[in-house]
Amino acid sequence: MNTSYWQAIKNRRTYYALGNEPVTGDGRIEELVQQAVQHVPSSFNSQSARVVVLLGEQHERLWELTKAELKRIVPADAFAATEQKIDGAFRSGYGSILYFEDMSVVEALQQKFPAYRDNFPIWSQQSSGMLQFAIWTALELDGWGASLQHYNPVIDAAVKSAWGIEPAWKLVAQMPFGKPLAQPAAKEFQPLAGRVHLYK
Ligand SMILES: Cc1cc2nc3c(=O)[nH]c(=O)nc-3n(C[C@H](O)[C@H](O)[C@H](O)COP(=O)(O)O)c2cc1C
């Protein structure tokens, strides 16, 4: 077994205490995102993933617009806690990665291969999950801390308008990242017996 591969997988965690000091150069962030987008597999090699990387002020803009959208739907007495979480765990970081799937690619596959029609949106989400994991782990390897958030669909329209996103791109997840300011708590694991079966 390749030790560094498994070490990277084990080390990837969810970080909610983030600072905005740079851990690596911006070019390095762009490079790891490009590598992951290029090499992570997709059904029928459809390559439906789209990614937007937001740094600095653009990253802060994402979390400001998220708060503005949430303010419309979160009860007034609960909003202070929401705002505190967003400011302390997400906006406080260095950047955010937005994961999209290009639904025009998915729909073209559905038309071309009607037998798999219902599967293509599922496979598209699965491939996006693989991409998220690859980038999350690569960020951790470089010393960043990240988490995975899902404010979609609440923020979809505001995000599309803010960055001129193609109408066919469906927002799947948001990944704020930054300098880790605190280590995550130890994680509990369920017994593997019962979760993994081997027959021979
Ligand atoms: C598909 C998926 C969706 C998740 N959605 C969220 C989310 O919306 N907000 C959040 O804070 N964490 C989210 N998480 C993070 C999980 O809560 C976290 O990965 C899990 O508790 C294990 O902790 P670890 O990441 O530190 O290993 C998500 C994780 C996965 C894999």
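Starting from 1, each residue takes its place in the sequence as its number. Order of listing sets the numbers, starting from 1, for every ligand and every atom in it.
- Sorted by first and then second residue, the pairs that involve residues 162-183 and meet ring pair (Phe, Tyr, Trp, His ring centres under 6.0 Å), not counting sequence neighbours, are Phe100-Trp169, Trp144-Phe177.
- Listed as neighbours of ligand 1 are Arg12, Arg13, Thr14, Tyr16, Trp136, Leu148, Gln149, His150, Lys187, each bearing a heavy atom under 4.0 Å from the ligand.
- Taking Ser128 as the reference, Gln132 meet the side chain to side chain donor-acceptor pair (under 3.5 Å) condition, with sequence neighbours excluded.
- Classification of the Tyr151-Trp63 ring pair by plane angle, with boundaries at 30° and 60°, yields perpendicular.
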Which donor-acceptor pairs under 3.5 Å do the side chains of residues 30-39 make with protein atoms, sequence neighbours left out?
none

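- In this structure, Trp123 and Tyr116 have tilted ring planes: the angle between them lies in the 30° to 60° band.
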Step by step, work out the salt bridge (Lys or Arg N to Asp or Glu O under 4.0 Å) result for Glu83 and Lys67. CA-CA 7 Å; Glu83 183 166 44; Lys67 285 191 289 181; 3.7 Å; yes
